[in-house]
**Student:** 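Below is the structure I would like to discuss, written out as structure tokens.
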Amino acid sequence: MTEAPLIVPPSAGPTGAGDLLAGLNPQQLAAVTYRGPALLIVAGAGSGKTSVLTRRIALLLRQREAWPSQILAITFTNKAAGEMRERVEGLVGEAARGMWISTFHSACVRILRREAEQFGFTKSFTIYDSGDSRALIKRLVKEHEADAFGMTPSSVQSRISKLKNELTDAEGYARQANMSDPAERIFVDVFTDYQRALQKANAFDFDDLIAQTVFLFRAFPQVADTYRRRFRHILVDEYQDTNHAQYALIHELTRPVSAAAPDPYASNGMMIFEPETAPAEPGASLTVVGDSDQSIYAFRGADIRNISEFERDFPGAQVVLLEQNYRSTQNILSAANAVIGNNFDRKAKNLWSDKGAGDRIVGFTGYSQHDEAQFVADEVEALRRAGMPYSEMAVFYRTNSQSRALEEIFIRAAVPYKIMGGTKFYERAEIKDALAYLVAVSNPADDMSVRRILNKPRRGIGDVTETSIARFAEEHGLSFRDALAHPSQLGVGPKIRAAIARLDAVLAEATAIMQPASGEIPSATSVAEGLTVLLEKSGYYESLRASRDPQDEARLENLDEFVAVARDFARNNPEGTLVDFLTEVALVSDADDLDDESGSVSLMTMHTAKGLEYDAVFVTGVEEDLIPHRISAGEPGGPQEERRLFYVGITRARKRLHLSLAMTRAQFGEVSVAMPSRFLQEIPADLIDWRQSPGDVNSRGGMQSRALNARPGGGFGGGRDRFGVKPLPGRDQLKPLSTSMDKFPNKVTAKVRDNGDLELTAGDRIRHDDFGEGRIEAVTGEGAKRIAHVRFDSAGQKKLLIKIAPIVKL
DNA sequence: TAATCCTCACTTTTT
DNA sequence: GTGAGGATTA
């Protein structure tokens, strides 16, 4: 490999790289141009790592150091993969074709489908998502009566998942387990049976996709060599989030090619045996990008050591540190640095920005989560009026349940919002049902799917019938699916017999459409067609249409959307088969539709926020027991991971950062007192502009100072409390500052009413239960979405959804 | 077999 | 407060 020149003049002709290197700082330039076996790019938040990674790839292509087919770039989400591909294409155009830019899982699926027959699977294997595997484990836990030992399906699932992430299989675990412990024995049995069931169903779970690929490479070195020869440049993004199995996969792929063997890629498919003496090729060049301060997935098996010990694992590795942040103002970064600096055993890193100090961080303490939410809504509206689009604002929280209060207030305040993440489209029951129908066609060996649809819609087929079908299948050596073709031999009543026959016929009809036996190639739209046939003729649609449950209407819409997804797939992949479609669906999560729908505020957990950025960010619920979460206290490294999570949250902000909390929070049906998060006090007080500090709220009424006094050594110093707020002069902190509502015009209750068709016009005066009296300035919107723009006498400007606002006309 | 009542548990989750 | 899943009943 030739050493790339560090600086290429912009006029260097067709292979010139000047534009690729333009505008890079020296560290970025080094990260793009360094050539060697291994490179670690430590990329602080907002340091332009995506740009560096894409330019690095583009430069490799532009300078003809690598063919596209020799590049494997790995990201964690399909969305990130898509963006990276787009950006590389933007830089080098057509020359980007043929690269593998994908997630770990997609890359492994591609490999496994190609090699499946090597180890007892077929190309059309199913991918079990965590719901599928939980369902299977649940059955096994029941069969083995493992619940008697306190094992729940989800605990077993997470244990198995952890073991697989460590590349430990059932056999390996059994070898070192204490088999005199009955609980251990049963767990081993469940694990073993689980793996056996997967194999029998021709299925892999998510963890298997990685682990089995590693096992494949280890068991069949010549297969591994094929890929080692092919991929000369491997780049991994978000390396701090890799688990052991992923690490091992990378390790396998970057080993030197072990022996002279046929190379199908270099020989036009002809088998050419090189002489034994052929020099083995060196391992692929590896580039990893990551930031250990943003490692927030240890709970999923991510191993921070992968990045912290990179230099040991890959001797001779070069390390480049990107510390200049191009995203945030210095105040935000100073807060972030101060917080993360409290984590010990991290490599020092100091993000800096040349954007100037910027605005101070805004702090707010509400009485309740509603109060806090109202603050967020008000602030969002103020920013909107100042010209910031909603799509540039985001609200983060630690747990999904916190979104509820925010939603309630946002609806009432007519703030358009969008929840990111949350219940996933592909995890909805009706979508899983539709998928199960498709899987029943594509992989009849997969009993789970067939069992799932057996009685959906209701056909009168219950447990008893299911068991007899299973028994019949067992006795005759058939799959569960094939047993459906012999309803008369099942010993069930005529009604049920007919129902089974009908299901069998529907499946057969759909199979004929999507996978014609004659070997002819099904049309591009066959998946959408087959899906429609399945849903129509199985009676699934009909049962939803006939239902009186209002939720079933939404289910129908979801199914329509799913059919639309299938049509889109056909359009984008004219050659795409049913298996391709199912693969895409299994590996694509909703996180991939994170596209900012322009014009709405984004609500999401701090985990989901990683990798995103917004002009204005609201981090809510900055309280003890929430961030850091209560449960994290018991886990090793828990509090530190929580701190990183908080760090990720605040480093998403470009210009404005808001930190808010509530003094009381209703959780699990009861209201409890919340305390400010310890992380708040790690931020230098002069960086925060408290609109309402914890001190303000506490010093009112009977529960004064509870949160502040709860910490020994806390209290006030230098005329300012620890939150940087001056105590009001002339008043004793222990006495109520004010007992009237005027100081807290935003205090909000969570009542909802129905005003029906209350007529309002500009100029009317109204009284609001929480905000007092005000004057209507304008009314916009139609019907149930009519919005009153009100200027309240003491609570300021607000928008209200008229239908549900607690208001009366005066 | 299906509907209904009751109990329980309740972080985060790129695939 | 809520939703899922299990046990109980019709």
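The basis for the numbers below is simple: all heavy atoms, side chains too, and nothing from hydrogens, waters or symmetry mates. Proteins get letters first, then strands, A, B, ... in listed order; numbering begins at 1 in each.
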**Student:** So, A:Phe76 versus A:Tyr297, ring centres under 6.0 angstrom or not?
**Tutor:**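 They do not qualify: ring centres at least 6.0 Å apart.
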
**Student:** So A:Phe104, base contact, sugar-phosphate only, or nothing? Heavy-atom distance under 4.0 Å.
**Tutor:**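 No contact.
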
**Student:** Measure NE2/A:His105 against C1'/B:dT13 and give the value in whole Å, please.
**Tutor:**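 To the nearest whole Å, that distance equals 12 Å.
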
**Student:** Please identify each residue that fulfils salt bridge (Lys or Arg N to Asp or Glu O under 4.0 Å) with A:Asp205, with sequence neighbours left out.
**Tutor:**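 Scan of A:Asp205 (salt bridge (Lys or Arg N to Asp or Glu O under 4.0 Å), adjacent residues dropped) gives A:Lys164.
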
**Student:** Go through the structure and list residues passing salt bridge (Lys or Arg N to Asp or Glu O under 4.0 Å) with A:Arg87, not counting sequence neighbours.
**Tutor:** none

**Student:** Please report the distance, rounded to the nearest Å, between CE in A:Met420 and P in B:dT13.
**Tutor:** 13 Å

**Student:** Please encode protein proximity along nucleotides 2-10 of chain C as a string of B, S and -, counting only heavy-atom distances under 4.0 Å.
**Tutor:** SS--S----

**Student:** Provide a list of protein-nucleic acid N or O atom pairs under 3.5 angstrom, restricted to nucleotides 1-11 of chain B.
**Tutor:**
from: B:dT1; atom 1: OP1; to: A:Asp463; atom 2: N; distance (Å): 3.4
from: B:dT1; atom 1: OP1; to: A:Val464; atom 2: N; distance (Å): 3.2
from: B:dA2; atom 1: OP2; to: A:Asn455; atom 2: ND2; distance (Å): 3.4
from: B:dA3; atom 1: OP2; to: A:Arg458; atom 2: NH1; distance (Å): 3.0
from: B:dT11; atom 1: O4'; to: A:His629; atom 2: NE2; distance (Å): 3.4
from: B:dT11; atom 1: O4; to: A:Glu635; atom 2: OE1; distance (Å): 3.3
from: B:dT11; atom 1: O4; to: A:Glu635; atom 2: OE2; distance (Å): 3.2

**Student:** Identify whether the glycosidic angle of B:dT12 places it syn (within 90° of 0) or anti.
**Tutor:** anti

**Student:** Show the atom names and distances, to 0.1 Å, of all donor-acceptor pairs under 3.5 Å that link a side chain in residues 135-144 of chain A to residues at least two apart or in another chain.
**Tutor:**
from: A:His144; atom 1: NE2; to: A:Asp193; atom 2: OD2; distance (Å): 2.7

**Student:** Mind checking what makes side chain to side chain contact (heavy atoms under 4.5 Å, CB included) contact with A:Arg630, not counting sequence neighbours?
**Tutor:** A:Asp625, A:Phe668

**Student:** Between B:dT12 atom P and A:Met604 atom CE, what is the distance in whole Å?
**Tutor:** 15 Å

**Student:** State which residues pass salt bridge (Lys or Arg N to Asp or Glu O under 4.0 Å) with A:Asp568; sequence neighbours excluded, sorted by chain then number.
**Tutor:**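 With sequence neighbours excluded, A:Asp568 shows a salt bridge (Lys or Arg N to Asp or Glu O under 4.0 Å) to A:Arg571, given in chain and number order.
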
**Student:** Roughly how many Å is it from CG in A:Asn165 to P in B:dT13, rounded to a whole number?
**Tutor:**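 Result: 17 Å.
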
**Student:** Under a plain distance cut-off of 3.5 Å, with no hydrogens placed, do A:Gln195 and A:Asp208 share a side-chain donor-acceptor pair?
**Tutor:** yes

**Student:** Within this structure, what is the CG-to-P distance between A:Asp241 and B:dT12, rounded to whole angstrom?
**Tutor:**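 Distance, rounded to whole Å: 17 Å.
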
**Student:** Between C1' on B:dT13 and CG on A:Leu645, what's the gap in Å once rounded to a whole number?
**Tutor:** 12 Å

**Student:** In this structure, how many angstroms lie between the C1' atom of B:dT13 and the CE atom of A:Met606, rounded?
**Tutor:**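 Rounded to whole Å, this separation is 15 Å.
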
**Student:** List for me each residue that meets side chain to side chain contact (heavy atoms under 4.5 Å, CB included) alongside A:Glu430, sequence neighbours excluded, and say none if there are none.
**Tutor:** A:Arg428, A:Tyr540, A:Arg555, A:Asn558, A:Leu559

**Student:** If each of A:Ser401 and A:Ser130 is mapped to the nucleotide of DNA chain B with the nearest heavy atom, which maps nearer the 5' terminus, i.e. the 5' end?
**Tutor:**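 By nearest-heavy-atom nucleotide position, the 5'-most residue is A:Ser401.
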
**Student:** Could you pull out all residues at least two apart from A:Asp132 that satisfy salt bridge (Lys or Arg N to Asp or Glu O under 4.0 Å)?
**Tutor:**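 So A:Asp132 forms a salt bridge (Lys or Arg N to Asp or Glu O under 4.0 Å) with A:Lys432.
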
